[in-house]
Number of protein chains: 2
Amino acid sequence: MKQQEVFRALADPTRRAILKRLQKGALSAGGIGALFDITGASLSHHFGVLKAADLVRTERRGRSIVYSLNTSVMEDLTRMVLDLIPATHRHGEDQ
Amino acid sequence: MKQQEVFRALADPTRRAILKRLQKGALSAGGIGALFDITGASLSHHFGVLKAADLVRTERRGRSIVYSLNTSVMEDLTRMVLDLIPATHRHGEDQ
DNA sequence: TATATACTTAGACAATCGTCTAAATATTGC
DNA sequence: GCAATATTTAGACGATTGTCTAAGTATATA
């Protein structure tokens, strides 16, 4: 699990917005692109960062490439963050 | 709550290590400095980023400045991260 | 097979980042 | 008040980042 890549990926607001959108379901690169006012090339760069962190998975579907959340790494992320928080202040966690 | 500053602060491994160390209790700038192989000036820069994100609090104690975790923002952090994760995959959370 | 569509890669650019050294500021104890 | 200690600020540096345009690659369809 690439902790550094994960935290780095989360540091950018566009990438966080992409992840939030993918919560609602998988979406093609173009579909995601329609939601942001940046070029496809820039988006593709963000996809690369998210993939390097293993936060998203891709699947080609015809002409499109469909992005979806990699939920197992999302769970790792929860643990990484909880790990930064003193046990006594965790939310919805005991011990 | 400064979401962008918080995620940015977490993107650096030294800053995450500082936060982890502060879980064990408050520590002076110098005490923290003894744990890392970078100059005090660089450390001070990291403290600035952590303070901008409201992740740490400071208190002058004599000649030293003592750093401690700001646990309330730590809790906000938990929520911010959980917010990125689909409800069905949250850890220790219902709904 | 040619053309259109959907993405990615390459290369450039300004802005931000993490680090450093050197100088400045604040506090303590003599 | 002065010297020592503790930390921050200023300014510089190379490295990385997010963005862009232009060119490349892959798939589908006429």
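In the text below, chain A, chain B and the rest are named by the order of the sequence lines, each starting its count at 1. Bear in mind that the values here come from a model prediction, so they are computed numbers and not experimental data.
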Novice: According to side chain to side chain donor-acceptor pair (under 3.5 Å), does anything in residues 49-67 of chain A pair up with another residue at least two apart or in another chain? List the pairs.
Specialist: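 Applying side chain to side chain donor-acceptor pair (under 3.5 Å) to every pair that reaches into residues 49-67 of chain A, excluding sequence neighbours, yields nothing.
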
Novice: Using side chain to side chain contact (heavy atoms under 4.5 Å, CB included) as the criterion, list what pairs up with L35(A), not counting sequence neighbours.
Specialist: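 In terms of side chain to side chain contact (heavy atoms under 4.5 Å, CB included), with neighbours along the sequence ignored, L35(A) is linked to R21(A), L27(A).
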
Novice: For F7(A), what residues pass the ring pair (Phe, Tyr, Trp, His ring centres under 6.0 Å) criterion, not counting sequence neighbours?
Specialist: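 Once residues adjacent in sequence are excluded, F7(A) has no partner under the ring pair (Phe, Tyr, Trp, His ring centres under 6.0 Å) criterion.
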
Novice: In whole angstrom, give the distance that lies between atom CZ of R8(B) and atom C1' of dT16(D).
Specialist: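 The answer, rounded to whole Å, is 13 Å.
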
Novice: In whole Å, what is the span from the CG atom of L50(A) to the C1' atom of dT8(C)?
Specialist: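 Answer to the nearest Å: 15 Å.
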
Novice: Side chains of R16(B) and Q4(A): is there a donor and an acceptor less than 3.5 Å apart?
Specialist: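 A donor-acceptor contact under 3.5 Å links the two side chains.
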
Novice: What is the distance, rounded to the nearest whole Å, between atom CG of L43(A) and atom C1' of dT9(C)?
Specialist: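 Taking CG of L43(A) and C1' of dT9(C), I get 15 Å after rounding.
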
Novice: Give a yes/no on whether any side-chain N or O of S28(A) is located under 4.0 angstrom from OP1 or OP2 of dA6(C).
Specialist: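 Answer is no, no contact under 4.0 Å.
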
Novice: Rounded to the Å, how far apart are R16(A) CZ and dT17(D) P?
Specialist: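 One finds 16 Å between P of dT17(D) and CZ of R16(A), rounded.
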
Novice: Would you mind reading off the distance between E59(A) atom CD and dA26(D) atom C1', rounded to a whole angstrom?
Specialist: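 Nearest whole value for this atom pair: 16 Å.
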
Novice: Think H46(B) has a side-chain N or O under 4.0 angstrom from the OP1 or OP2 of dC17(C)?
Specialist: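 Negative; the distance criterion is not met.
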
Novice: With distance as the sole criterion, is a donor-acceptor pair present between the side chains of D76(B) and T78(B) under 3.5 Å?
Specialist: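 On atom types as modelled, these side chains do not qualify, holding no pair under 3.5 Å.
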
Novice: Select one nucleotide: of dT8(C), dG18(D), dG18(C), the one nearest the side-chain heavy atoms of A29(A).
Specialist: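 The answer is dT8(C), which lies nearest to the side chain.
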
Novice: Is the shortest side-chain N/O distance from Y67(B) to OP1 or OP2 of dA6(D) below 4.0 Å?
Specialist: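 Negative; the distance criterion is not met.
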
Novice: Applying side-chain hydrogen bond (donor to acceptor under 3.5 Å, both in side chains), name anything that partners H45(B), two or more places apart in sequence or on another chain.
Specialist: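 None.
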
Novice: Given the rule that I, L, V, M, F, W and Y join up when any side-chain heavy atoms are under 4.5 Å apart, are L55(B) and L22(B) in one cluster?
Specialist: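 In one cluster with L55(B): L22(B), yes.
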
Novice: Rounded to whole Å, how long is the line connecting atom CD of Q4(A) with atom P of dC17(C)?
Specialist: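 After rounding, the reported distance stands at 14 Å.
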
Novice: Using a cut-off of 4.0 Å between protein heavy atoms and nucleotide atoms, how would you tag nucleotides 20-30 of chain C 5' to 3' with B, S and -?
Specialist: BBB---SBBS-

Novice: Taking I18(A) as the starting point, is it possible to reach V6(A) by hopping between hydrophobic residues whose side chains are less than 4.5 Å apart?
Specialist: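 Looking at the clustering, I18(A) is in the same group as V6(A).
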
Novice: Which is true for F36(A) with a 4.0 Å heavy-atom rule: it touches a base, it touches only sugar-phosphate, or it touches nothing?
Specialist: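 The answer is nothing, as F36(A) stays clear of every strand by at least 4.0 Å.
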
Novice: In the structure I gave you, are the side-chain heavy atoms of L69(A) and I85(B) within less than 4.5 Å of one another anywhere?
Specialist: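 No, their side chains stay 4.5 Å or more apart.
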
Novice: So how far off straight is the helix from dT1(C)-dA30(D) to dC30(C)-dG1(D), going by the axes through five pairs at either end, to 10°?
Specialist: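 One end's axis against the other's: 20°.
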
Novice: Does a nitrogen or oxygen in the side chain of S64(A) sit under 4.0 Å from OP1 or OP2 of dT5(C)?
Specialist: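 Answer is no, no contact under 4.0 Å.
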
Novice: In whole angstroms, how far is the C1' atom of dT9(D) from the CD1 atom of I65(B)?
Specialist: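 Taking CD1 of I65(B) and C1' of dT9(D), I get 13 Å after rounding.
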
Novice: Could you give the CZ-to-P distance, from F47(B) to dT19(C), as a whole number of Å?
Specialist: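 The distance from CZ of F47(B) to P of dT19(C) comes to 12 Å, rounded to the nearest Å.
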
